[in-house]
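Before any comments, here is the structure.
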Amino acid sequence: MFCEVKAKERIGVINPIFTCQPCGAQYASIGIKECIGIVHGGQGCVMFVRLLFSQHFKESFELASSSLHEDGAVFGATHRVEEAVDVLLMRYPHVKVIPIISTCSTEVIGDDIDGVVLKLNNGLLKEKYAGREVHLIPIHTPSFKGSQVTGYDVAVLDFVSHFAKKSEPNGKINLITGWVNPGDVTALKHLLAEMQVPATVLFEIESFDSPLMPDGNHVSHGDTTIADLTDTANALGTIALNRYEGGKAARYLESEFDVPAVIGPTPIGIRNTDTFLHNLKKMTGKPIPESLVRERGIAIDALTDLIHMFLADKKVAIYGHPDLVIGLAQFCLDLEMKPVLLLLGDDNTSYPDDPRIIELQKNVDYKMEIITNADLWELENRIKNEGLELDLILGHSKGRFVSIDNNIPMVRVGFPTYDRAGLYRHPVVGYAGAIWLAEAMANTIFTDMEYKKNKEWVLNVW
Ligand code: SF4
């Protein structure tokens, strides 16, 4: 077999690719309007996650902590959740949704966040906040398993299953974007608008690219409302773009409310964007308009200019969120590049059963490795000690030193990308994303050719 899928053999992690589950639940929660999550754990479980969000988006986000201390870690600290909910409701009169997000320490000591939610619903909310709409939602995200990716998936399911309620059909589709950037949401909304498909875009974070307005600074939050989440049960169907970031919620809506679900493909590259549009067409009966055929043509033209001269046969390593990594690998293959190493940073044992990975295994005719539960040492060690030769690295900013130390050009993609300006504004999905990705890869390779004096003269004559 040319394409091998295997788990990292080492015990322990050196330079993790992901952070822990509560981070994913926090990312889902900031996508909801009038929502502030309380993370039940130490302050660092929020502080470092907020820092990552702020570094990536260069914006501020609201997240709260129950601020667990040593005594709570020994004797239990559900009383801290009770106080935190009260303080939050007093200080933020607009807040209606409060997920209670557990962490490693509070799961280990067995704090009963479901029980405390029941107690608060029957006590504090009835007595002190009678008449106010408040939803307390327990979200279990122990960090000793999974990753930020599974945390996001679990939280999306918990939010959807809390709110979804059957009433009249709304004629819309639910679009669960997964963990994307504002530029991706803009690109997806553009495709929906061209197709004239009415949609509820869920965990909608386009406004994370926030303006600085004359009336002063403010915090960023997403635009998905309680009404949006409630109405998910009445949609024509659900498309979850990412299998591991929203797939569970799509399946839930199908099994609970007969809302048909399509999971994937992540619309990265021409092929996957075509499939996404065909899925929209099938679900809604709306035709694919000429305007999108033209956009597709512009994208194919842009790619054709680059493939044979610059991208073909370039060896690439890719790491990050699994749907992103697989989508990028598929796109690289379409560009005649050679993704030789894919690093999936968590212990999800279902990766080898992913049909896209099985397809890669069937079709790749050179040596490719897919490492699960991987860390960035898997990449660095192969380069430094095992002779792995790469022309390009695709991944988030946490791997920047592997690129810098080993003189390998790198395109920042995924989350977080804090060491390059404004990347959250550029889509990687849709035809626009295909153009941006291919041109970003080509331009990065051009700069590398110039710095290394490696056939840089070619750039005068193409
Ligand atoms: S690993 Fe545990 S302590 Fe550290 S941030 Fe995650 S939940 Fe908090």
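Counting from 1, the numbers follow the sequence of the chain as shown. Just follow the structure's listing: the first ligand is 1, and inside any ligand the first atom is 1.
Numbered from 1 in the order shown, with element, the atoms of ligand 1 that lie under 4.0 Å from a heavy atom of P22 read 7 (S).
Contact detail for T417 and H396: the closest heavy-atom pair is CG2-CA, 4.3 Å.
What sits closest to atom 1 (S) of ligand 1 on the protein, heavy atoms only, is S143 OG, 3.3 Å.
When the options S105, C45, P142 are ranked by their closest heavy atom to atom 8 (Fe) of ligand 1, first place goes to C45.
With hydrogens and angles left out, the side-chain atoms of D111 and T106 include no donor and acceptor closer than 3.5 Å.
Aromatic rings from F18 and H321 are positioned such that their centres are separated by under 6.0 Å.
Counting heavy atoms under 4.0 Å from ligand 1, residue C104 touches it through both backbone and side chain.
Ring geometry for F203 against F159 counts as tilted: the plane angle lies between 30° and 60°, on a 0 to 90° scale.
For residue C20, no N/O/S atom approaches atom 2 (Fe) of ligand 1 to within less than 2.8 Å.
With a 6.0 Å radius and a threshold of 12 heavy atoms from other residues, nucleotides or ligands, K166 has its NZ atom above the threshold.
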